Amino acid sequence: MEPKFQTSFIPKSPVVSTPNNKPTQVYDTNIFSLIATAFFTVTLIVAGGLFGYKYILNKQIADYGRSIDDARGALEVDKIQQLLSEDKRLSSSKVLLDKHISMTGLFSLIQDLTVKKIRITELSYNNVAGIAALSIKGDSQTYNALADQEDVFRKNDSLKDSYFSDLRPGINGSIAFSFKATVMPDIISYKKLVESLNTNQ
């Protein structure tokens with residue numbers, strides 16, 4: 001019997017066995033999609049934070065509003081209005097008192113400062129723009145008395161810019177004169193007069 005020879009060189013079964021693996025897929029990474037995803041994520045986080053912060057602020061505002069309403073309720077609004085009205089009246093009274101004048105102090109001053117042998121026949125007072133001007137007319141028995149009177153008026157701090165004028169012969173040998181001066185505000189102040197009376201009591 002003749003030997004049989006294999007005429008094909010292709011093996012009927014694989015020489016080396018390989019495991020049955022699935023083919024590997026390769027994914028391309030896009031940098032722009034990563035940036036967009038990161039930006040979207042950050043935006044969501046920021047939006048959530050802002051929403052939470054807004055909620056906290058609204059809650060605080062509501063709490064403060066309730067606190068203010070409670071405080072307002074504790075106050076007596078009618079009593080406050082009454083006190084404000086009384087304060088306005090007191091302020092108005094104070095202004096009137098500060099501006100009110102009294103001639104009593106001026107008359108007392110002239111009486112105290114007038115020397116013997118001097119007779120005052122006329123006295124006038126004028127207040128213009130806050131400046132109190134005093135004008136006196138009188139007569140003196142002698143020139144020495146007139147000189148003494150001038151010295152007394154000049155040395156007194158309540159009378160400023162004092163001067164005698166219009167010297168002329170008077171009745172029965174007397175010397176007629178005119179006198180003018182500026183009166184300091186304290187002398188004619190009604191407020192100062194009241195304070196001095198309270199102090200003396």
Side-chain angles (χ1 to χ4, degrees), residues 60-61 64-201:
Q60 288 179 347
I61 290 172
Y64 290 149
R66 283 192 295 271
S67 298
I68 291 173
D69 290 338
D70 293 341
R72 186 181 291 118
L75 297 175
E76 298 179 9
V77 179
D78 294 339
K79 186 68 174 178
I80 292 174
Q81 292 295 335
Q82 181 182 357
L83 291 175
L84 288 175
S85 178
E86 291 295 330
D87 181 64
K88 288 181 181 179
R89 280 199 286 269
L90 288 174
S91 298
S92 300
S93 301
K94 184 178 182 303
V95 171
L96 290 175
L97 181 61
D98 289 340
K99 292 183 177 181
H100 188 63
I101 63 172
S102 171
M103 301 301 291
T104 304
L106 180 61
F107 292 150
S108 297
L109 177 69
I110 298 302
Q111 178 181 347
D112 293 340
L113 296 181
T114 302
V115 300
K116 292 181 179 180
K117 300 183 180 180
I118 295 288
R119 184 172 66 101
I120 294 176
T121 58
E122 185 178 329
L123 185 146
S124 62
Y125 165 83
N126 190 15
N127 193 339
V128 179
I131 299 176
L134 173 67
S135 179
I136 293 176
K137 290 185 178 180
D139 52 50
S140 172
Q141 293 181 8
T142 64
Y143 281 102
N144 288 337
L146 189 59
D148 291 341
Q149 186 65 74
E150 181 180 13
D151 187 57
V152 170
F153 280 161
R154 188 176 63 250
K155 289 181 179 179
N156 189 274
D157 294 333
S158 299
L159 301 175
K160 299 295 182 184
D161 304 324
S162 61
Y163 65 94
F164 283 84
S165 63
D166 196 21
L167 300 179
R168 62 194 182 281
I171 301 173
N172 299 327
S174 65
I175 304 157
F177 66 88
S178 296
F179 171 79
K180 292 185 178 182
T182 301
V183 181
M184 297 303 291
D186 288 350
I187 297 301
I188 56 174
S189 172
Y190 181 76
K191 179 180 178 181
K192 295 292 183 181
L193 175 63
V194 172
E195 289 176 351
S196 65
L197 292 177
N198 291 334
T199 302
N200 294 332
Q201 287 180 354

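Since the structure is predicted, the reported quantities are computational estimates derived from the model, not experimental observations.
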[atom1]/[X] to [atom2]/[Y] distance, rounded to the nearest 0.5 angstrom?
| X | Y | atom1 | atom2 | answer |
| --- | --- | --- | --- | --- |
| F107 | Y125 | CZ | OH | 10.5 Å |
| S135 | L123 | OG | CG | 8.0 Å |
| L109 | L159 | CG | CG | 5.5 Å |
| L134 | S124 | CG | OG | 7.0 Å |
| K88 | L83 | NZ | CG | 12.5 Å |

Show the nearest heavy-atom pair for residues [X] and [Y], with the distance to one decimal.
| X | Y | answer |
| --- | --- | --- |
| K137 | S178 | CG-OG, 3.9 Å |
| T142 | I175 | C-CD1, 3.7 Å |
| S140 | L146 | OG-N, 3.4 Å |

Taking [X] for its side chain and [Y] for its backbone only, find out whether a donor-acceptor pair lies under 3.5 Å.
| X | Y | result |
| --- | --- | --- |
| T182 | D161 | no |
| Q149 | L113 | yes |
| T114 | I110 | yes |
| S174 | I171 | yes |

Test of ring centre spacing under 6.0 Å for F179 and Y163: no
Heavy-atom count around [X] [atom1] within 6.0 Å, excluding the residue itself: above 12?
| X | atom1 | result |
| --- | --- | --- |
| K160 | NZ | yes |
| D166 | CG | yes |
| L90 | CG | yes |

Electrostatic pair D87-R89, nearest N-O below 4.0 angstrom: no
Contact check, side chains of I118 and V115, non-hydrogen atoms, under 4.5 Å: yes
Test salt bridge (charged side-chain N to carboxylate O under 4.0 Å, His left out) applied to D139 and R119, K117, R168, the passing residue: R119
